[in-house]
Amino acid sequence: MKPFFLLRATRTPHPSVLSSVSSLSSDSSSSLILQTKHLLRKSQDRLHVLSLIDSGSLQPRLDLYSDLIKQCTNLKKLREGMAVHQHFLSSRFNPDIFLLNSVVNMYCKCGSLEDARKVFDEMPERDVVTWTALMTGYAQNEQPLDALRLFPMMLGLGVPPNQFTFATLFKAAGAANGYEIGEQVHAVCVKFGCDLDVYVGSSLLDMYARQERMLEACLVFDRLESKNEVSWNALIAGYARKVDGENAMMKFREMQRSGFKATHFTYSSLFSACAGTGALEQGKWVHAHMVKSGQKLIAFIGNTLLDMYAKAGSIQDARKVFDRLDKRDVVSWNSMLKACAHHGLGKETISLFEEMRSFGIQPNHITFVCVLSACSHAGLLAEGQHYLKMMKLYKLEPEVEHYVTVVDLLGRAGLLEQAQKFIDEMPIEPNAAVWGALLGACRMHKNVELGKFAAERVFQLDPHDSGPPVLLSNIYASTGRWTEAAGVRKMMKESGVKKEPACSWVEVENSVHMFVANDDSHPQIEEILKFWEEINVKIKEVGYVPDKNHVLLFVDEEEREARLQYHCEKIALAFALLNMPPGATIRIMKNIRVCGDCHSAIKLVSKVMEREIIVRDKNRFHHFSKGSCSCGDYW
DNA sequence: GTAGGGTTAG
């Protein structure tokens, strides 16, 4: 066996080497050298290895440099990597493509793309590995466009790409929203016969899934030569992102049938799908499946599980998960804070946040968004201002999101002028969301003039959002200015801004039933409407007066009252009352904010029907019980 | 020597 380098007895090697060498039982010299080589390679002190070379104690071979570079790559030691690179340049060795490829990769993995690019540019020759390593570097360091730009250059120079190249390119295309480029690369990929590879396929189907093109994603998936956990997970994650719980669950069952075991990626996708639709029963089922499969509750899954319970309306279960997590990271804390805020538990959010601080956990920007929005939902004005100031303490500069919550906080409290002054004095440029918060407050407090002013700002900054014109029209309508309300509606129609249709849904016996406004396609609709009539009589007996201000169309009085009956949250509620066992808590989800009239009606329903009713709207949860709501009518 | 999938705010 040929020794790789020699340890000269006349020089003093590193003490750890000496002590290890002296403890070796074998006295065969080649074995000694091999053992020493192994030791040095495993040594945590790469700089010392370089100094041993400098002092003449070691005679390096090319693969010693190669090993050292690899170590620096894996450990992400940029400074040491640079030293090894420099040392190699001053050595007797010629530039070697294998080693330089490793150097490019080392700089990429250590996040120094400039250095990687410099080595790349100066290389006398480059192969597919060189190109792919740099592309991957860009793709993994949030420069996906730079990764994509390399591809035509590479093809132009006649370097044929391989499956590694395509896997990276599709990832980059997905991250850069570069879907047109992605599709072109897909064509090239087919030409090179790489599209059936499972790595390429997972990345490619993920790219299609990210633009909600599940049909294409499935086509890619079905064509794969062989599937693995990653390709299944990419598919399930695609459905989960689309909040298509039904298909996510279906693919999950297929995955099981095909003999693949769910991983923590699978579970977290499924939990986030259930969180999106608020499907508590399905979420619980997946949770049970996970426990049975022996998958541990690591932080990553725990956070999505916690989030699922919170978003599906069970803050108690969310808290249980939080308490059971053995390692809580900042995301766990943020999720729990957000859960409390979302459920209107302002005081609890604050005490949880103080607990987090007392544990010495460093809050981040999102932490403060959670805390501030809790203050806003609970009307805790002084606390909100206090926590905004506290950000400085943690060296966090408030971002526009934080200013939005403060405007919201002031606005909800009715301090509209103060809110406007706050916007004027903001150190950063207010965006549409900031003005939108003021507009929302004007809607709440029926301030037409300021509302108009705020609305104009929003229209300028975000002309495509249907929310603000609807809000403005509602301000006019709720103050009886029907002509102006109709004017805004007309303007919307002409400019092509479409209002998102209101819809509500409810989970009954493991399936989700959705009710879209003015859609009577549900098979039980006749029965539901008849049942709502009965409820309506009952709640009128205990004082329900339909609030016609919430029907914001220019129609006559009678029709206005009739239209109120058809708000989708009422339909969903009637459906749930008809189909759920007595006493079971009803959980209704709505895609937009719950309307004031429905809010009053549901409060009374909770009383006359003796039911716990939980409604999740776009902003928060409402827990209705015994005739009142947890939001204290402040939302 | 080069590759793919997951969470938190609004």
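Side chains included, hydrogens not; waters and symmetry mates left out as well; all remaining heavy atoms used. In the text below, chain A, chain B and the rest are named by the order of the sequence lines, each starting its count at 1.
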Are any side-chain N or O atoms of A/Arg620 and backbone N or O atoms of A/Arg593, one a donor and one an acceptor, separated by less than 3.5 Å?
no
What about A/His342 and A/His377, are their ring centers closer than 6.0 Å?
no
Does the side chain to side chain contact (heavy atoms under 4.5 Å, CB included) test come out yes or no for A/Phe353 and A/Thr367, once each step is laid out?
CA-CA 8 Å; A/Phe353 176 58; A/Thr367 315; 3.7 Å; yes
Tell me which nucleotide among B/dG6, B/dT8, B/dT2 gets nearest to the side chain of A/Val331.
B/dT8
Of the listed nucleotides (B/dT7, B/dA3, B/dG6), which one gets closest to any side-chain atom of A/Gln163?
B/dA3
What integer distance in Å separates A/Arg210:CZ from B/dG4:C1'?
11 Å
Whole-Å distance between B/dG6 P and A/Ile298 CD1?
15 Å
Can A/Phe300 be said to stack with the base of B/dG6, given centres closer than 5.5 angstrom and planes under 30 degrees apart?
yes
Separation of atom CG in A/Asn228 from atom P in B/dG6, rounded to whole Å
14 Å
Taking the six-membered ring for Trp, are the ring centroids of A/Trp333 and A/Phe322 within less than 6.0 Å of each other?
yes
A/Tyr138 OH to B/dA3 P: how many Å, rounded?
16 Å
Is A/Ser202 side chain donor-acceptor paired with the B/dG4 base, going by distance under 3.5 Å alone?
yes
Nearest to the side chain of A/Val129, which nucleotide is it out of B/dG6, B/dT2, B/dT8?
B/dT2
Per atom distances to the A/Asp206 side chain, the nearest of B/dG6, B/dT7, B/dT2 is B/dG6
Please tell me which of the listed nucleotides, B/dG4, B/dA3, B/dG10, lies nearest to the side chain of A/Val230?
B/dG4
Kindly point out which of B/dT8, B/dT7, B/dG10 is positioned nearest to the side chain of A/Asn303?
B/dT7
Minimum-distance nucleotide to A/His264 side chain [options: B/dG4, B/dG6, B/dT8]
B/dG6
Round to the nearest Å and state the distance from A/Met123 atom CE to B/dT2 atom C1'.
12 Å
May I have the distance from A/His342 (atom NE2) to B/dT8 (atom C1'), rounded to whole angstrom?
13 Å
In whole Å, I'd like the distance from the CZ atom of A/Phe166 to the P atom of B/dG4.
15 Å
Kindly indicate, with the supporting measurements, whether the criterion side chain to side chain contact (heavy atoms under 4.5 Å, CB included) is fulfilled by A/Met154 and A/Met135.
CA-CA 11 Å; A/Met154 169 184 180; A/Met135 276 181 198; 3.7 Å; yes
